[in-house]
Amino acid sequence: MKRKKIAELLKTTAPIDNILLKGWIRTKRDSKNFSFIEVNDGSCLKNMQIVVDEIISDYVEIKKLTTGSAVAVSGSLVPSQGGGQQWEVRAAKIDIISIAPETFPLQKKRHTDEYLRTIAHLRPRTNKYGAIFRIRSELSWAVHQFFRDRGFRYIHTPVITGSDCEGAGELFRVTTLNPPMPMNSNGKIDFSKDFFGAESNLTVSGQLSAEMFALSLGDVYTFGPTFRAENSNTSRHVAEFWMIEPEMAFCDLAGNMDLGEALIKNLIRFAIDTCADDLNLFARFVDKTLEKTLENIISSDFFRIPYKDAIDILLGSKESFEFNLSYGTDLQSEHERYLTEKYFKKPIIIYDYPKTIKPFYMRLNDDGETVGAMDILVPRIGELIGGSQREERLDVLEKRMVGGGLSKESYWWYLDSRRYGTVPHSGFGLGFERLLMLITGVSNIRDVIPFPRTPGNIDF
RNA sequence: UCCCCAGUAGCUCAGUCGGCAGAGCAAGUGGCUGUUAACCACUGGGUCCGCGGUUCAAGUCCGUGCUGGGGAGCCA
């Protein structure tokens, strides 16, 4: 008999004889002559209630089953006589696949997220984490669907990159050298002896590679792991995370904003439509305002405001901020929160930042002072998207690089794209985990990624 | 990396002024004919985070280290 998944069985409209299901026991309630066993197989949030009568063979053994044990149940799917569920399985036979000893750390009660993080290998067996990772899977698929529907090509940019990246944070070095390290005459490590013959690192962004493909295939995107060796200890940072980076040829900053806003709204809509059961768990137990928050985001136009005007609002507000700000400084968390949570009460897009606080590749505006950058900020999370129109003019780009202390030689291939058939183009990066936090209301990024990597923590 | 808070049973926590180590849940045993985090009864369960100090006496006070959480910076 072919195994059926619980998600499939629960969709039925009529009883079914002779079904087989397999899963893990979440809880068991015994009476004298029969037992109720709740089985979950991971296919959906809901358990299947199994009714086991004492006349079944091996009932003595079945009574010993514990939370966490694995079973194969054959029987018939019938309307439930109890109130909590529509269907239940009347067991004809239960095969015990394995028994979890009483040391099984998950109990049939609520655990804290902090405790579950210490057993990250078992937490997907809980309702909440099962739901998170089903939603994560569905949304990953929706990302590809969104871009494919719009004619974007999916590019696999390298995970290992050459040394001189765009200076976005600390890098994880990739090496096959072992101590004692070979040294050159300057007393530095001699990377010419290393695997690639040069210093190499894990990528902090696929952007520069993606630009090359945007200037070939038109509209492209990457969606892959990204690594930052920053010693960040916050609920919004991990050392390994997944980033979505579209890059579009013949696209200006306004088009870039349009795509970012559409992507966020589309993915939220998708989650609401496709993951209703799982999402409902978060609306009930994690964030009571979740439904309203998500509806507000998809129904409102993101407010677009130049950096200068945002500063004016902050300077003119009666709010007392811990950090002073002025034209030319970057916004602090408290400023972002004030704007999105108190002033506008919806997502905003801040654009045209001073060139002094943004990287070399962002396009210089006609005022000579600002660049065509745009950040999409959302309530509670802060920066969800950071992007820009890219500098397509070779001479301007070279000047910006030199000004930023970067060597033109190591970016020869990047500059080539501006030498041969250069065109205006734009793109952005969206932190996938931060999007998941927004959609589920989960407040710690470590709880929306299977095995989080943070400073001092590489378990699992 | 900086600031703040916490660490007591398997889990979540209480522990008063420094004076016998506690509860709920879980687990184990028994009971119960439709349960819903089932229920009822009984039983077992402790390196009070580690190290050092003060004291007749430290879970409690002091110092220090470790771990976790919240916030900040950096950013997605």
Side-chain angles (χ1 to χ4, degrees), chain A residues 26-38 46-54 63-64 66-68 78 80-85 88 90 100-119 126-127 166-170 204-207 223-245 260 285 321-323 330-337 357-359 375-378 381-387 428-438 443-449 454-457 459:
Chain A
R26 283 293 175 79
T27 180
K28 181 165 67 79
R29 297 178 286 274
D30 292 319
S31 287
K32 189 178 185 184
N33 304 315
F34 59 94
S35 302
F36 296 101
I37 302 177
E38 292 212 24
K46 289 198 177 78
N47 303 325
M48 182 63 82
Q49 173 163 285
I50 314 294
V51 188
V52 190
D53 196 87
E54 63 174 337
K63 267 207 141 170
K64 292 184 198 156
T66 54
T67 298
V78 298
S80 178
Q81 296 171 32
Q85 56 286 313
E88 65 189 15
R90 189 156 287 278
E102 75 256 6
T103 52
F104 183 60
L106 292 172
Q107 300 171 359
K108 42 191 179 189
K109 62 163 217 164
R110 193 188 162 278
H111 288 292
T112 60
D113 293 322
E114 290 78 17
Y115 172 67
L116 291 170
R117 237 170 263 154
T118 69
I119 49 168
T126 63
N127 287 339
E166 68 266 33
E170 295 291 315
V204 293
S205 166
Q207 179 199 318
F223 183 11
T226 306
F227 307 89
R228 304 269 168 95
E230 293 289 347
N231 189 14
S232 303
N233 291 287
T234 81
S235 55
R236 301 183 309 283
H237 291 88
V238 277
E240 178 184 272
F241 63 99
W242 285 62
M243 189 153 63
I244 299 156
E245 295 180 284
F285 300 118
F321 296 115
E322 189 188 340
F323 292 92
D330 215 346
L331 300 184
Q332 309 289 326
S333 286
E334 57 177 348
H335 305 131
E336 296 179 355
R337 292 185 74 114
I357 57 172
K358 290 292 182 184
D375 286 353
I376 301 187
L377 311 179
V378 296
I381 312 286
E383 184 177 345
L384 186 58
I385 279 180
F428 62 79
L430 182 153
F432 187 53
E433 284 76 17
R434 289 190 181 171
L435 180 79
L436 283 166
M437 292 169 73
L438 177 72
S443 56
N444 195 312
I445 197 168
R446 298 176 182 101
D447 298 333
V448 296
I449 189 165
T454 51
N457 190 346
D459 281 345

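Values below: all heavy atoms of this structure, side chains included; hydrogens, waters and symmetry mates excluded. Numbers restart at 1 for each chain; the letters A, B, ... are given by sequence-line order, proteins then strands.
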Original post:
For the pair made of CD in Q85(A) and C1' in rA37(B), what is the distance, rounded to whole Å?
Top reply: 14 Å
Original post:
Given the C1' atoms of rA26(B) and rG10(B), what is the spacing between them in whole Å?
Top reply: 7 Å
Original post:
Is the shortest distance from a Lys or Arg side-chain nitrogen in R29(A) or E38(A) to a carboxylate oxygen in the other one below 4.0 Å?
Top reply: yes
**OP:** Send over the distance from D30(A) CG to rA26(B) C1', rounded to a whole Å.
**Re:** 16 Å
Original post:
Which base, if any, makes a Watson-Crick or G-U wobble pair with rC25(B), both distances under 3.5 Å?
Top reply: rG10(B)
Subject >> Exam field: side chain R434(A) to backbone E383(A), donor-acceptor pair closer than 3.5 Å >> reply: yes
Original post:
Ignoring hydrogens and geometry, is there a side-chain-to-backbone donor-acceptor pair from Q207(A) to F428(A) under 3.5 Å?
Top reply: no
Subject >> Distance, P atom - from rG59(B) to rG7(B), rounded to whole angstrom >> reply: 15 Å
Original post:
Rounding to a whole Å, what distance do you find between F104(A):CZ and rC25(B):P?
Top reply: 21 Å
Original post:
For E102(A) and T66(A), does a side-chain donor sit closer than 3.5 Å to a side-chain acceptor?
Top reply: no
**OP:** Taking atom P in both rG22(B) and rG44(B), compute the distance separating them and give it to the nearest angstrom.
**Re:** 13 Å
Subject >> Inter-nucleotide C1' distance (rG19(B), rU29(B)), Å rounded >> reply: 37 Å
Original post:
Could you give the OH-to-P distance, from Y115(A) to rU12(B), as a whole number of Å?
Top reply: 7 Å
Original post:
Of the candidate nucleotides rG28(B), rG69(B), rA26(B), which contains the atom at the shortest distance from the side chain of T66(A)?
Top reply: rG28(B)
Subject >> Distance, C1' atom - from rU55(B) to rG63(B), rounded to whole angstrom >> reply: 16 Å
Original post:
In terms of side-chain heavy atoms of N33(A), which of rG69(B), rU33(B), rG34(B) is nearest?
Top reply: rU33(B)
**OP:** Would you kindly give the CD-to-C1' distance between E54(A) and rU33(B), to the nearest whole Å?
**Re:** 9 Å
Subject >> Rounded interatomic separation in angstrom, taking CD from E334(A) and P from rC74(B) >> reply: 12 Å
Original post:
Closest to the T234(A) side chain: rU35(B), rC75(B), rC74(B)?
Top reply: rC74(B)
**OP:** Nearest whole angstrom, please: distance from the C1' of rG71(B) to the CG of N444(A).
**Re:** 13 Å
Original post:
Is there a Watson-Crick or G-U wobble partner for rA76(B) with both distances under 3.5 Å, and if so, which one is it?
Top reply: none
Original post:
Is the ring centre of F432(A) under 5.5 Å from the base ring centre of rA76(B), and are the two planes under 30° apart, so that they stack?
Top reply: no
**OP:** Could you check which of rC74(B), rG10(B), rG73(B) has an atom nearest any side-chain atom of E230(A)?
**Re:** rC74(B)
Original post:
Can you tell which of rG34(B), rA27(B), rU1(B) lies closest to the side chain of K108(A)?
Top reply: rA27(B)
Original post:
In whole angstrom, what separates E114(A)'s CD from rG69(B)'s P?
Top reply: 6 Å
**OP:** Check for a donor-acceptor pair, side chain of E334(A) on one end and backbone N or O of E322(A) on the other, with a separation under 3.5 Å.
**Re:** yes
Original post:
With respect to the side chain of R236(A), which nucleotide from rG69(B), rC74(B), rC25(B) is positioned closest?
Top reply: rC74(B)
Original post:
Should rG50(B) form a Watson-Crick or G-U wobble pair with both distances under 3.5 Å, which nucleotide is its partner?
Top reply: rU64(B)
